[in-house]
Amino acid sequence: MTAPLRTDPAVVKVALGERSYDIAIGRGLLASLGARIAALRPGAKAVIVTDENVARYHLSAAEAALADAGVAASRIVVAPGEGSKSYRVFEQVCEGMIASRIERGDLAIALGGGVIGDLAGFVASVVRRGLDYVQVPTTLLADVDSSVGGKTAIDSAHGKNLVGAFHQPILVLIDTALLDTLPPREFRAGYAEVAKYGLLGDAAFFSWLEQNWREVFAGGNSPGSLAREQAIAVSCRAKAAIVARDERENGDRQLLNLGHTFGHALEAACGFSDRLLHGEAIAIGMSLAFAFSARKGLLPQAEADRAIRHLTDVGLPTRPNDIAGPLPPLDRLMELIAQDKKVRRGMLTFILVRGIGAAFVETGVDGAEIRAFLGEKLAER
Ligand SMILES: NC(=O)c1ccc[n+]([C@@H]2O[C@H](COP(=O)([O-])OP(=O)(O)OC[C@H]3O[C@@H](n4cnc5c(N)ncnc54)[C@H](O)[C@@H]3O)[C@@H](O)[C@H]2O)c1
Ligand SMILES: [Zn+2]
């Protein structure tokens, strides 16, 4: 069992020397946003960047929290969706910030999911040669993944996340109540990244998730339960530890890509559309990584089956054929896999597993073996 958290709200520290910061986690924390910012940067103004969906539910509460603490704030609201990680919207947000007379010591606040975190974080990395920013994630994926670790980016015509910067926030404030308005499908997709931390490096956490996932999903509807907060805290702690060891993804940080090479290829095959959300693609990708590892004799088939069963239990897809509609032919999928950034000197790099909680980076995976394996999986019904 994972040790339960003793305090609520919980704080997870990201240890990066003078760029260290706290991840505060708890239900209702949004109300403390202004006080926390005033304590960290006395006298600073703030510009909130958010999207239309999040603005509808949570912007006024965020603004009230800032006003209560005397933090002057303006807002920039963009359209929801990946399309906002574009040069056009990037320019619009930069210009909006400059027009609001933001100065070097002021702050950007990313209030939203991973799209807003990536966009606002990247804007913050360049406006006035770098502004501090605070992440207030509003999706489960952003809580446990994109808001932590300082990767920011927008998309290029050549691919996703190709223009960006490493820029760490000064605070991540996770109010788990914000997830109550998130569509269930988005929550479930984000859960794939939670399960990922167990599957890649923490078998005890994975067992805990097998026991407690219903309460994690229920959140505030399960009175007295802190399961959601615990799952988020353990996930953030896992990511923070990996980021502290390898901020710029030269080594260990690659483990976070468990399931992502297969997953990205499937996402690309679906045109990065609502047909397959990122977390859904990663659930399939992780299932394939476990199945492929078992086939190579790296772990017992029964253990791979157990990993996959949990993803199925929570309602995530685990097979390419769980995706509705036709998939491109095997050749095209192999091209998409080879295009993924985790290819070095012609060899495929995959994150494989020796068991639940025991992922490792394998740089020399034979493309022909992957092709044969994937061919079989596509033929399954
Ligand atoms: N920087 C990183 O390390 C990192 C890591 C993983 C993913 N990402 C990026 O994250 C992005 C995906 O993030 P995401 O899954 O959070 O998507 P998202 O930001 O598009 O949010 C998903 C949808 O939920 C809506 N939404 C967000 N919060 C809501 C709430 N509380 N209530 C109701 N609706 C809400 C949004 O408007 C959107 O329609 C991708 O662009 C991906 O590249 C970045
Ligand atoms: Zn991911």
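The first residue of the sequence shown is numbered 1, and numbering continues consecutively from there. Order of listing sets the numbers, starting from 1, for every ligand and every atom in it. Here the structure is a predicted model, which means the values were calculated and not measured.
Checking only distances, D51 does come within under 3.5 Å of ligand 1, N or O to N or O. Looking at ligand 1, you won't find any N or O of P183 less than 3.5 Å from one of its N or O atoms. On a distance-only criterion, K85 and ligand 1 share at least one N/O pair closer than 3.5 Å. Between Y57 and ligand 1, a contact under 3.5 Å exists for no N or O pair. Checked by distance only, ligand 1 and G114 come closer than 3.5 Å through their nitrogen or oxygen atoms.
At the top of the distance list for atom 38 (C) of ligand 1, counting protein heavy atoms only, stands N53 ND2, 4.1 Å. The protein atom (non-hydrogen) at minimum distance from atom 28 (N) of ligand 1 is T138 OG1, 2.7 Å. If you check which protein heavy atom lies closest to atom 7 (C) of ligand 1, you get L141 CD2, 3.7 Å. Among all non-hydrogen protein atoms, the one lying nearest atom 4 (C) of ligand 1 is S146 CB, 3.2 Å.
At a cut-off of 3.5 Å, with distance as the only test, a side-chain donor of K85 or N161 sits close to an acceptor on the other residue. A donor atom on one side chain and an acceptor atom on the other are found under 3.5 Å apart for E215 and S225. Side chain to side chain, Q230 and N212 fail the donor-acceptor criterion of an N or O pair below 3.5 Å.
Taking every non-hydrogen atom of K160 and a distance limit under 4.0 Å, the qualifying atoms of ligand 1 come out as 40 (C), 41 (O), 42 (C), 43 (O). Numbered from 1 in the order shown, with element, the atoms of ligand 1 that lie under 4.0 Å from a heavy atom of T181 read 30 (C), 31 (N), 32 (N), 33 (C). Atoms of ligand 1 found under 4.0 Å from any heavy atom of D118, numbered from 1 in the order shown, are 1 (N), 2 (C), 8 (N), 9 (C), 43 (O), 44 (C). Residue H58 approaches ligand 1 through these ligand atoms, each under 4.0 Å from one of its heavy atoms: 31 (N). Which parts of ligand 1 touch E82 is read off a 4.0 Å heavy-atom cut-off, strictly below it: atoms 40 (C), 41 (O). Applying the 4.0 Å criterion to heavy atoms of N161 picks out, from ligand 1, the atoms 43 (O). Less than 4.0 angstrom separates some heavy atom of K239 from each of these atoms of ligand 1: 3 (O). The contact set between ligand 1 and E186, taken as ligand atoms under 4.0 Å from a residue heavy atom, comprises 22 (C), 23 (C).
Residues I282 and Y191 fall within the same hydrophobic cluster, defined by Ile, Leu, Val, Met, Phe, Trp and Tyr side chains chained together at heavy-atom separations under 4.5 Å. A continuous path of hydrophobic side-chain contacts links L209 to F187 [ILVMFWY only; heavy atoms under 4.5 Å].
Between N257 and T349 the shortest side-chain heavy-atom distance does not fall below 4.5 Å. Proximity of K45 to E103: side-chain heavy atoms (C-beta onward) are separated by under 4.5 Å at one or more points.
The local environment of CZ in R185 is crowded, with over 12 non-hydrogen atoms from other residues, nucleotides or ligands closer than 6.0 Å. For CG of D274, the number of neighbouring non-hydrogen atoms (other residues, nucleotides, ligands) closer than 6.0 Å is 12 at most.
Salt bridge annotation for K196-E193: present, with a cationic side-chain nitrogen under 4.0 angstrom from a carboxylate oxygen. Remark: E376 engages R295 in a salt bridge, criterion side-chain N to carboxylate O under 4.0 Å.
Closest heavy-atom approach to atom 21 (O) of ligand 1 among the candidates V115, I116, T139, L179: T139. Closest heavy-atom approach to atom 31 (N) of ligand 1 among the candidates L182, L140, D145, L178: L178.
Between F205 and A231, the shortest heavy-atom contact is CZ-O, 3.7 Å.
Under the 6.0 Å distance and 45° angle rule, R228 does not count as a cation-pi partner of F217.
Looking at H260 and the Zn ion (ligand 2) together, the shortest N, O or S contact belongs to NE2.
Here E193 meets the criterion, with an N, O or S atom under 2.8 Å of the Zn ion (ligand 2).
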